[in-house]
There are 2 protein chains.
Amino acid sequence: MRISTRGQYGLRAMCRLVLLQRAGGSGPVSLRDIAEKEDISSQYLEQLFRGLRGAGLVESVRGAKGGYILARPPEEISVADILRAVEGPIAPVECVESDSVDACCDRKDYCMTREAWIRLRDSMVETLDSINLADLCKPGELGRGSTC
Amino acid sequence: MRISTRGQYGLRAMCRLVLLQRAGGSGPVSLRDIAEKEDISSQYLEQLFRGLRGAGLVESVRGAKGGYILARPPEEISVADILRAVEGPIAPVECVESDSVDACCDRKDYCMTREAWIRLRDSMVETLDSINLADLCKPGELGRGSTC
DNA sequence: ATATATATGACTATTTTACTCAGATATCTA
DNA sequence: TAGATATCTGAGTAAAATAGTCATATATAT
Ligand code: SF4
Ligand code: SF4
């Protein structure tokens with residue numbers, strides 16, 4: 001029951017992007033800068049930012065002095081958004097990925113445990129939807145945001 | 001972000017144990033019966049029941065006509081209990097496994113993302129603690145409990 | 001005795017994860 | 001225009017986790 005490093009790094013990278021963007025004016029932030037601050041390989045970050053870009057959470061600027069910028073204000077980017085972008089659907093078991101009725105498991109209709117997974121998924125989604133980047137990067141509170 | 005088959009099978013097996021126990025009088029239930037009903041290898045179940053027994057959720061009766069019985073009434077066994085028994089601590093990242101201050105990550109003290117994982121863990125634990133075996137095995141509702 | 005069933009430790013194949021590499025493309029600056 | 005900087009893209013790989021098996025010992029009912 002662990003978040004993969006994709007999810008962990010993805011969230012850290014996005015927080016760092018907020019901080020660097022806040023500190024460095026309006027220009028894009030390069031992955032190299034994020035990588036350095038967060039001690040994550042910049043090549044791995046490239047992979048993650050593919051997903052983030054694909055999900056419309058960041059926009060890219062190619063070429064020298066290029067990098068990434070948030071596509072929306074940090075208040076409008078939730079942790080759930082980021083996790084879905086780099087890790088896929090938030091679901092503890094396959095059969096609750098969506099509410100659609102496609103056949104992933106033939107026990108679905110009479111399964112005793114599925115209700116538990118549905119409730120787990122819902123509480124996870126609710127929690128992760130309720131936390132956004134602005135919350136996490138708020139300076140001054142608990143030392144958070146102070147590593148910039 | 002998936003529950004492993006240990007967790008999925010563990011929960012299904014425990015639900016099935018409730019049903020078979022309910023149906024079959026007061027005697028112990030063999031893994032072979034659970035395995036057959038749930039289509040899970042009985043050898044794999046043995047591995048899982050090690051954990052369940054170690055956590056004090058079931059008691060074993062060795063020898064012919066032996067098997068397992070619930071150590072407590074189903075109302076007092078939560079999904080969280082079962083998952084912890086077969087999968088380990090409920091925690092999306094290592095650094096929130098416990099609230100103790102041991103060093104697992106040197107970013108811990110100024111990490112922006114840790115608060116998000118703490119809240120996620122708390123909501124997961126709260127939800128999984130609130131669902132017990134009796135809830136899941138209640139007959140008549142949504143066809144659940146009807147596969148016995 | 002014999003069949004049945006749990007107890008225990010080790011072992012293996014498969015899958016997933018975590019990461020890297022090479023090369024293409026775009027853009028800024030000198 | 002040349003060169004440096006960065007993203008973009010598709011593979012490829014090594015390590016770790018997972019899922020599941022096997023063999024053997026022990027306990028109990030009949
Ligand atoms: S057994 Fe139940 S919970 Fe598991 S995948 Fe099938 S329907 Fe879903
Ligand atoms: S980086 Fe932050 S969230 Fe991740 S393990 Fe370290 S302290 Fe925990």
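Numbers restart at 1 for each chain; the letters A, B, ... are given by sequence-line order, proteins then strands.
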Could you state the [atom1]-[atom2] distance from [X] to [N], rounded to the nearest angstrom?
| X | N | atom1 | atom2 | value |
| --- | --- | --- | --- | --- |
| B:Ile69 | C:dT6 | CD1 | P | 13 Å |
| B:Leu48 | C:dA7 | CG | C1' | 14 Å |
| B:Glu59 | C:dA7 | CD | P | 11 Å |
| A:Leu45 | C:dA18 | CG | C1' | 13 Å |

*Identify, between A:Arg53 and A:Met1, the residue whose nearest nucleotide on DNA chain D lies closer to the 5' end.*
A:Arg53

*nucleotides 19-30 of chain D: protein proximity per nucleotide (B base, S sugar-phosphate only, - neither; heavy atom, under 4.0 Å)*: BBBB---BBBS-

_B:Glu76, CD: over 12 other non-hydrogen atoms inside 6.0 angstrom_ = yes

*asked:* Show every side chain to side chain donor-acceptor pair (under 3.5 Å) that has at least one partner inside residues 54-68 of chain A, sequence neighbours left out.
replied: A:Arg53-A:Ser60

Any ion pair linking [Y] and [X] (charged N to carboxylate O, less than 4.0 Å)?
| X | Y | result |
| --- | --- | --- |
| A:Arg2 | B:Glu94 | no |
| B:Arg119 | B:Glu115 | yes |
| A:Asp33 | A:Arg16 | no |

*Contact class for A:Phe49 (heavy atom, under 4.0 Å): base, sugar-phosphate, or nothing?*
nothing

*All side chain to side chain donor-acceptor pair (under 3.5 Å) counterparts of A:Gln8, not counting sequence neighbours*: none

